[in-house]
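Encoded as structure tokens, the structure appears first; notes follow it.
Values reported hereafter were calculated over all heavy atoms of this structure, with side chains retained and with hydrogens, waters and symmetry mates removed. Bear in mind that the values here come from a model prediction, so they are computed numbers and not experimental data.
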Amino acid sequence: MPSFDTKLEADFVEVKNAVENTAKEIGTRFDFKGTSAGIELKDKEITLFGDADFQLQQVEDILRNKMTKRSVDVRFLDVGKVEKVGGDKVKQVVKVKNGIASEDAKKIQQAIKASKMKVQAAIQGDAVRVSGAKRDDLQAAMALIRSDMKDLPLSFDNFRD
């Protein structure tokens with residue numbers, strides 16, 4: 001039976017490269033000299049440091065720019081709130097999304113059921129497997145998922161006949 005998996009997965013090698021390029025640019029830019037502006041990557045969290053909210057916004061813009069150049073979708077970034085670190089320094093945690101959240105997986109499953117297509121959607125961990133009798137139905141399901149879930153950078157893997 002033909003099937004495919006719907007996943008939400010960033011290329012972490014490219015994310016790491018984008019963070020390193022951002023750190024390099026922060027080190028060379030004149031407007032960041034002598035400030036606490038910086039960026040750090042741990043596991044799936046990117047931490048931005050700065051002296052003020054405006055500086056954090058500049059660091060985030062540089063990061064988004066570098067990620068776009070490395071063809072990583074910026075919709076993978078989940079930007080947190082600005083926190084005071086001490087004195088006049090601030091930091092912001094940006095999480096890199098990985099895996100479809102259970103609410104989003106349920107939305108995908110409900111959208112497929114509501115469309116009355118001859119396909120079935122099953123939630124498997126952090127992915128959604130869609131299976132059906134015909135390839136055309138599966139391709140229509142892919143188009144439906146793309147149009148319904150525009151805020152998520154979904155990818156479709158393991159297309160099997």
Non-hydrogen atoms of Thr47 and Phe49 that approach each other most closely: CG2-CZ, 3.5 Å

Heavy-atom neighbours of Lys91 NZ exceed 12 at 6.0 Å: no

Rounded distance (nearest 0.5 Å) linking atom NZ of Lys97 with atom CG of Asp104: 7.5 Å

Beyond-backbone contact of Met149 with Thr6, side-chain heavy atoms, under 4.5 angstrom: no

Beyond-backbone contact of Val96 with Ile46, side-chain heavy atoms, under 4.5 angstrom: yes

Residues in side-chain contact (heavy atoms from CB on, under 4.5 Å) contact with Asp43, at least two apart in sequence or another chain: none

Val59 reachable from Val93 in the ILVMFWY side-chain graph, under 4.5 Å edges: no

Geometric class of the Phe159/Phe4 ring pair [parallel <30°, tilted 30-60°, perpendicular >60°]: parallel

Side chains of residues 120-145: which donor-acceptor partners sit under 3.5 Å, not counting sequence neighbours?
unit_1: Arg129; atom_1: NE; unit_2: Asp5; atom_2: OD1; d: 2.7
unit_1: Arg129; atom_1: NH2; unit_2: Asp5; atom_2: OD1; d: 3.2
unit_1: Arg129; atom_1: NH2; unit_2: Asp5; atom_2: OD2; d: 3.0

Cluster overlap Leu48 with Val90, hydrophobic side-chain contacts below 4.5 Å: yes

Can I get a per-line list of side-chain donor-acceptor pairs under 3.5 Å for residues 62-87, giving both atom names and the distance, sequence neighbours left out?
unit_1: Arg64; atom_1: NE; unit_2: Glu60; atom_2: OE2; d: 3.1
unit_1: Arg64; atom_1: NH2; unit_2: Glu60; atom_2: OE2; d: 3.0
unit_1: Lys66; atom_1: NZ; unit_2: Glu25; atom_2: OE1; d: 3.0
unit_1: Thr68; atom_1: OG1; unit_2: Arg64; atom_2: O; d: 2.8
unit_1: Arg70; atom_1: NH1; unit_2: Glu14; atom_2: OE1; d: 2.9
unit_1: Asp73; atom_1: OD1; unit_2: Arg75; atom_2: N; d: 3.0
unit_1: Asp73; atom_1: OD1; unit_2: Arg75; atom_2: NE; d: 3.3
unit_1: Asp73; atom_1: OD2; unit_2: Arg75; atom_2: NE; d: 3.0
unit_1: Asp73; atom_1: OD2; unit_2: Arg75; atom_2: NH2; d: 2.7
unit_1: Arg75; atom_1: NH1; unit_2: Lys150; atom_2: O; d: 2.4

From OG1 (Thr22) to CD1 (Ile39), nearest 0.5 Å: 4.5 Å

Shortest non-hydrogen separation from Gly50 to Leu56 and the atoms involved: N-CD2, 3.9 Å

4.5 Å side-chain heavy-atom contact, Leu154 and Ile100: yes

Greater than 12 external heavy atoms within 6.0 Å of Lys33's NZ: yes

Phe12 side, atom CZ; Lys44 side, atom NZ - distance, nearest 0.5 Å: 5.0 Å

Atom pair OG/CD of Ser115 and Gln110 - distance to nearest 0.5 Å: 12.0 Å

Heavy-atom side-chain contact between Lys16 and Val19 under 4.5 Å: no

CD-CG distance between Gln55 and Asp31, expressed to the nearest 0.5 angstrom: 8.0 Å

Heavy-atom check, side chain of Lys89 versus side chain of Asp51, under 4.5 Å: yes

